[in-house]
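The structure appears below as structure tokens.
First the proteins, then the strands, lettered A, B, ... as listed; each starts at 1.
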Number of protein chains: 2
Amino acid sequence: MKFTCQRQDIVNAINMASKAVSPKPQTPILSGMFLRAEEGKLEVQATDYEIGILYDIPADIETPGTIVLPGRYLQEVVRRLPDDRVLFSLDEKNRIVHIRSGNANYTLRSMNAGDYPGVKRIEGTLSFTIPDTVLRSLFRKTVFACATDDSRPIFTGVSFDFDGKKLTLAGTNTHRLAVKTKTFDDEIGKLKLIVPGKTLQELLRTFTSDVPTNVQITCSMNQISFQYENLYFTSRLIEGAFPSFANVIPRNTVTTVTMTTADLSAAMDRVFLISRTNDYNVMKLHFGDNNLHISSSNPDIGMADEDIPATIAGPDIDIAFNATYLVDALKVLEGETCTFALTKPLAPVLITEPNDPEFQYVVTPMRTH
Amino acid sequence: MKFTCQRQDIVNAINMASKAVSPKPQTPILSGMFLRAEEGKLEVQATDYEIGILYDIPADIETPGTIVLPGRYLQEVVRRLPDDRVLFSLDEKNRIVHIRSGNANYTLRSMNAGDYPGVKRIEGTLSFTIPDTVLRSLFRKTVFACATDDSRPIFTGVSFDFDGKKLTLAGTNTHRLAVKTKTFDDEIGKLKLIVPGKTLQELLRTFTSDVPTNVQITCSMNQISFQYENLYFTSRLIEGAFPSFANVIPRNTVTTVTMTTADLSAAMDRVFLISRTNDYNVMKLHFGDNNLHISSSNPDIGMADEDIPATIAGPDIDIAFNATYLVDALKVLEGETCTFALTKPLAPVLITEPNDPEFQYVVTPMRTH
């Protein structure tokens, strides 16, 4: 194998592939990245059996072939190369790869390419395209609500429910629930699946470009893939049935409060300094007189409280929440104002945004006495 | 106690004082910061018994007094306050302090100010002023060479040797030695002391201003203090006698090599990727034919090598070093070129900069066979 390519191209490919290289790989070969040179392009592959990444870049191929190189070293090496162009050449007899760029020479031992499990492009039962900006919002507004502990794997994933023209995403840790829907112009199909939250977090990190792009999504029974630009990203699914959550969303709320999101977020961040020192992370809210009073106290440290203007329709209410569940949600809101719909002190709150009717967030309150 | 001040002033004061609050304080009171309000100013104090910090800011004092507040919380609270002005008021009966800024209210429990050890301004036997830029260079070019393990405390400090008009700083971990001298116009005095490397690292971090300033240094037998702008910074000294190092600096070298510092640094950084994977961190250098060949290998991973142009006077030489000792030094060099003066493969190298005749760096080579 022998090829040359642009340094920045291979840096991009390897940075992307590194997201699928586990710091503690299940088998030694998974610490490597698989490189295939053929037909004017170089394909870089990496997988940790949970997610798989393929990334293509243009390359001048002198001799086609495949190699597996240690991922961590390869990433550090290419990042530091001095010249715009890079030459890779395999010394097949000694199973070493020479990397040359400007005056710099590296030699890395090649792992056995035949041992590499490889990342395959999946054949889907359902396939559609969606703008990356829409996908970003769908992911951001649901994945944060997932559970992070593995005790019930289903809750570490986001439910995808395709139903005709509607796609509904939902994440929950059983104490809070985030739901976001997207309605398409055309029928997509009917399918339910659960995508690991980590997959969506990694994907979110890949959406760094300012240029809008379309993402091709393909789903099979046990895998989902996302393709855009040079990237093909595939993930296993979480097995099981996601619980029905329609009944969790409060319907007949009695107090409706609208606030400026930025004010609410800043005030809660400040009170959170005290909340987070508590074992139960309690933040108390008093809605009344077109005012929200936020407070939290810790007998060992002190207390914090703050008032912000609120437009309140309905009776006054005192309610308390795990502060993290509020603060997390405020980070993903996109509009200028948000609305809290409340019923009574021990009934869940429904948080929505006037500018995004397809988003709903529900938090169960805490008992404070 | 009751006062108001500018939020940004108290943020600066508390950020500075936080450098002296240990994450694991020896006694609970040292987790606090001492605040004294009197005569139009607020003084913030913190100490970990190693270093002590006093920082003054203007304040409108309504009632003078002193308090001790938990340092970590205080820092997070003031950083997030919404308004430009901040009001502190002590509720003496309940021993709590109210902090108000805009709509935000905090209450923090006050610790007992009478228990606080306090930071005192030292009376010196030797005192002088020096521009911060000169001090920065003196510190940067010596402190990196100190030992980081505490097995021989003397080597964790930088030696300050005041001798008439000359101040010589030196740091060593016994394998490498960095020496920098500053010659003053006037006599300073005669004194030898050892300042903890950590003190100098912390001080370096305080020199963030772009505006040149003069630093007042005062030394006593067991303390040193640095004063500039609103800051008074004091540190204990390390007891003991710093070993004489004049004989360690090679005199009759036979091969003199001059290189472009940026080229050398970039090449060594790249080869270091492999060196640092080795148990002994070995980097090999071959000087010959007006060329430096740098290489390093690890049988499990691979190797790296690179050539850079070098102006060589004297015989060829092969020599090997702990790569860290070279890479560290290259980070603090300031000039366009640097010079390696060599004698033989097992004799120390002397590294200097033509643009800074008052700096010398010596590294003992490694035996590679």
Under a 4.5 Å heavy-atom criterion, the part of residues 83-100 of chain B in contact with chain A comprises none

With only heavy atoms counted, which part of Asp305(A) is less than 4.5 Å from chain B, the side chain, the backbone, both or neither?
-> both

Where on Asp300(B) is there a heavy atom nearer than 4.5 Å to chain A: the side chain, the backbone, both, or neither?
-> backbone

Taking atom CG of Asp289(B) as the centre, report whether more than 12 heavy atoms of other residues, nucleotides or ligands fall under 6.0 Å from it.
-> no

Below 4.5 Å from any heavy atom of chain A, which atoms of Ala267(B) appear? Answer side chain, backbone, both or neither.
-> neither

Atom CG of Leu273(A) and atom CZ of Arg79(B): how far apart are they, to the nearest 0.5 Å?
-> 9.0 Å

Among the listed options Ala266(A), Gly302(A), Pro82(A), the residue most often paired with chain B at heavy-atom distances under 4.5 Å | Pro82(A)

Over 12 non-hydrogen atoms of neighbours within 6.0 angstrom of CD in Glu336(B) = no

State whether the side chain of Tyr106(B) and the backbone N or O of Arg270(A) hold a donor-acceptor pair below 3.5 Å, judged by distance alone.
-> yes

Is atom CZ of Arg276(A) surrounded by more than 12 heavy atoms (other residues, nucleotides or ligands) closer than 6.0 Å?
-> yes

Roughly how far, to the nearest 0.5 Å, is CD of Glu76(A) from CG of Asp269(B)?
-> 11.0 Å

Taking non-hydrogen atoms and a cut-off under 4.5 angstrom, which of residues 22-30 of chain A neighbour chain B?
-> none

Should we count CZ of Arg7(B) as having more than 12 external heavy atoms under 6.0 Å?
-> yes

Ile274(A), Val77(A), Ile301(A), Val271(A): which one forms the most heavy-atom pairs within less than 4.5 Å of chain B?
-> Ile301(A)

Donor-acceptor contact present, side-chain Asn103(A) to main-chain Glu306(B), <3.5 Å = no

